[in-house]
Amino acid sequence: MLIIFHLKGYCWPDSPEDNVSAGYFWTDLLNGIEFHPRFGKLWDIKHFHSSRAGGVIIWNVVDISFAAAQYYSLGYMTNSMVLAVLLRLLVVLDFFANEKWFIGTLDIAYEHFGFYYIYGYSAFMPVIYTLQAQYLYRHPKSLHTQEVVFIVLVWTAGWILTLWANYHKDIARESQGQCTIWGSKAKYIECSYTLACGKAQSSKLLYSGWWGVVRHANYLGNIIFTCALCATCGFDSIYPWTEAIFVIGVMMHRCLRDEKKCRTKYGTQWEDYCKKVPWRLIPGVF
């Protein structure tokens with residue numbers, strides 16, 4: 001697949017604007033050349049790979065496989081295994097229920113379709129995002145009722161925060177800011193910028209609801225429910241917490257990366273927004 005789309009990017013890009021070759025073989029091979037290679041007008045290979053062929057569906061397949069292996073080995077499944085598999089399943093179901101939000105993420109909007117992207121979704125993430133089931137198969141663990149309740153409550157809080165924040169952003173975008181958030185009219189900064197082709201554009205920086213608390217509320221929710229999912233394995237080993245460490249690092253990096261793009265794009269308007277929402281991820285901390 002990698003070689004096919006590498007050659008396609010060089011020889012048959014879908015549009016001249018989509019060909020972003022750096023001019024160096026290894027750089028182009030690793031980073032990718034095209035943003036959105038397609039077969040025909042409707043089949044977006046990048047999106048298909050992320051969500052269907054090699055993406056989030058694999059997480060559930062791997063989880064269920066280890067759960068079945070535990071059942072075959074012990075004759076039953078521990079409540080920690082059941083909880084880990086169910087919580088991951090809900091994450092995947094939420095992804096498909098709100099798949100349109102994925103279109104606007106950094107992965108889709110800014111990442112080229114190259115080795116890093118293909119490997120990340122087809123190999124790296126299916127391993128890292130299933131470490132809980134892998135660990136619990138080798139180290140079965142039974143949780144107390146209080147632990148189950150606490151994990152479910154924390155996971156639900158993180159999931160609701162992510163869902164709620166994304167919903168605020170979505171309705172503000174679709175209504176051009178003419179909506180109500182938390183019982184009040186949405187607040188935003190009207191921004192203008194110029195595309196590379198010279199065309200003037202405008203957009204709105206929302207600072208109502210959760211987006212008035214921190215600049216990346218959806219990232220914070222993601223960190224919370226990820227840590228809750230890792231907690232199904234307890235604290236005896238750092239191994240099943242690798243996902244949480246990875247997600248925290250990625251979310252912090254994305255905060256800085258996203259804000260760098262916004263600062264270049266919006267200039268002083270972005271500085272005005274930062275004054276209204278001073279915290280990136282955790283109020284009073286970061």
Side-chain angles (χ1 to χ4, degrees), residues 1-2 49-97 102 105 107 115-163 218-254:
M1 176 187 289
L2 175 64
H49 175 75
S50 306
S51 57
R52 269 76 174 177
V56 296
I57 291 178
I58 292 181
W59 305 350
N60 292 150
V61 174
V62 174
D63 275 352
I64 293 171
S65 298
F66 277 99
Q70 186 188 75
Y71 182 83
Y72 180 80
S73 175
L74 301 179
Y76 66 94
M77 287 188 292
T78 61
N79 60 355
S80 58
M81 175 67 84
V82 173
L83 185 59
V85 172
L86 286 178
L87 292 182
R88 182 72 66 191
L89 176 62
L90 289 174
V91 171
V92 173
L93 290 176
D94 174 61
F95 171 86
F96 285 107
F102 179 61
T105 62
D107 291 353
F115 172 80
Y116 291 138
Y117 194 94
I118 294 171
Y119 176 80
Y121 274 94
S122 61
F124 182 79
M125 292 170 69
V127 171
I128 297 297
Y129 283 38
T130 60
L131 286 178
Q132 295 76 36
Q134 297 178 46
Y135 177 83
L136 291 171
Y137 164 65
R138 295 177 175 85
H139 306 278
K141 179 179 180 63
S142 294
L143 299 170
H144 297 297
T145 302
Q146 299 92 325
E147 293 175 313
V148 172
V149 171
F150 179 75
I151 290 171
V152 170
L153 289 176
V154 173
W155 184 92
T156 301
W159 177 75
I160 289 176
L161 173 56
T162 303
L163 193 67
N218 53 343
Y219 292 173
L220 177 58
N222 198 319
I223 290 173
I224 292 172
F225 73 66
T226 297
C227 288
L229 211 158
C230 293
T232 58
C233 300
F235 302 91
D236 295 332
S237 172
I238 197 174
Y239 174 80
W241 286 84
T242 304
E243 179 189 352
I245 296 170
F246 170 73
V247 168
I248 291 171
V250 167
M251 294 298 105
M252 293 179 66
H253 177 263
R254 284 192 174 187

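We number each residue from 1, following the sequence as shown. Given the structure is predicted, the values throughout are model-derived calculations rather than measurements.
To the nearest 0.5 angstrom, R138 atom CZ is 5.5 Å from Y239 atom OH. To the nearest 0.5 angstrom, F124 atom CZ is 13.0 Å from Y116 atom OH. Here the straight-line distance linking atom CH2 of W59 with atom OH of Y129 works out to 5.5 Å at 0.5 Å rounding. The distance from the CG atom of D63 to the CG atom of L87 is 10.0 Å, given to the nearest 0.5 Å. With rounding to the nearest 0.5 Å, the separation of CD1 in I151 from OG1 in T156 is 11.5 Å. Atom CZ of residue F225 and atom CG of residue L163 lie 10.0 Å apart, to the nearest 0.5 angstrom.
Shortest non-hydrogen contact noted between T232 and A84 is OG1-CB, 3.6 Å. Here the shortest heavy-atom pairing between C230 and E243 reads SG-CB, 4.2 Å. Taking all atoms of both residues into account, the shortest heavy-atom contact from Y137 to S73 is CE1-CB, 4.5 Å. Counting all heavy atoms, side chain and backbone alike, C233 lies closest to L136 at SG-CG, 3.8 Å. Nearest heavy-atom pair, S142 versus N79, reported as atom, atom and distance to 0.1 Å: CA-OD1, 3.4 Å. In terms of heavy-atom proximity, Q132 sits nearest to P240 at NE2-O, 3.0 Å.
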After noting the C-alpha distance and the side-chain angles of N218 and N222, does the key distance pass the side chain to side chain contact (heavy atoms under 4.5 Å, CB included) rule? CA-CA 6 Å; N218 53 343; N222 198 319; over 6 Å; no

Would you please test V56 and F96 for side chain to side chain contact (heavy atoms under 4.5 Å, CB included) and show each step? CA-CA 9 Å; V56 296; F96 285 107; 3.8 Å; yes

Working note: R88 + L229, criterion side chain to side chain contact (heavy atoms under 4.5 Å, CB included); need CA distance, chi angles, decisive distance, verdict. CA-CA 8 Å; R88 182 72 66 191; L229 211 158; 3.7 Å; yes

Take L90 and W155 through the test side chain to side chain contact (heavy atoms under 4.5 Å, CB included) and record every step on the way to the result. CA-CA 11 Å; L90 289 174; W155 184 92; 3.7 Å; yes

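Looking at heavy atoms from C-beta onward, I245 lies in side-chain contact with I238 at the 4.5 angstrom threshold. Proximity of V152 to L83: side-chain heavy atoms (C-beta onward) are separated by under 4.5 Å at one or more points.
More than 12 heavy atoms of other residues, nucleotides or ligands shown are found within 6.0 angstrom of CZ on F66. The number of heavy atoms from other shown groups lying within 6.0 Å of CZ (F150) does not exceed 12.
Applying the ring pair (Phe, Tyr, Trp, His ring centres under 6.0 Å) criterion to Y119, with sequence neighbours excluded, gives F115.
Q134 contributes a side-chain N or O that, together with a main-chain N or O of V127, makes up a donor-acceptor pair within less than 3.5 Å. Although no hydrogens or angles enter the test, the distance criterion places a donor-acceptor pair under 3.5 Å between the side chain of T78 and the main chain of M81.
For the pair K141 and E147, the salt-bridge criterion is not met [side-chain N within less than 4.0 Å of a carboxylate O].
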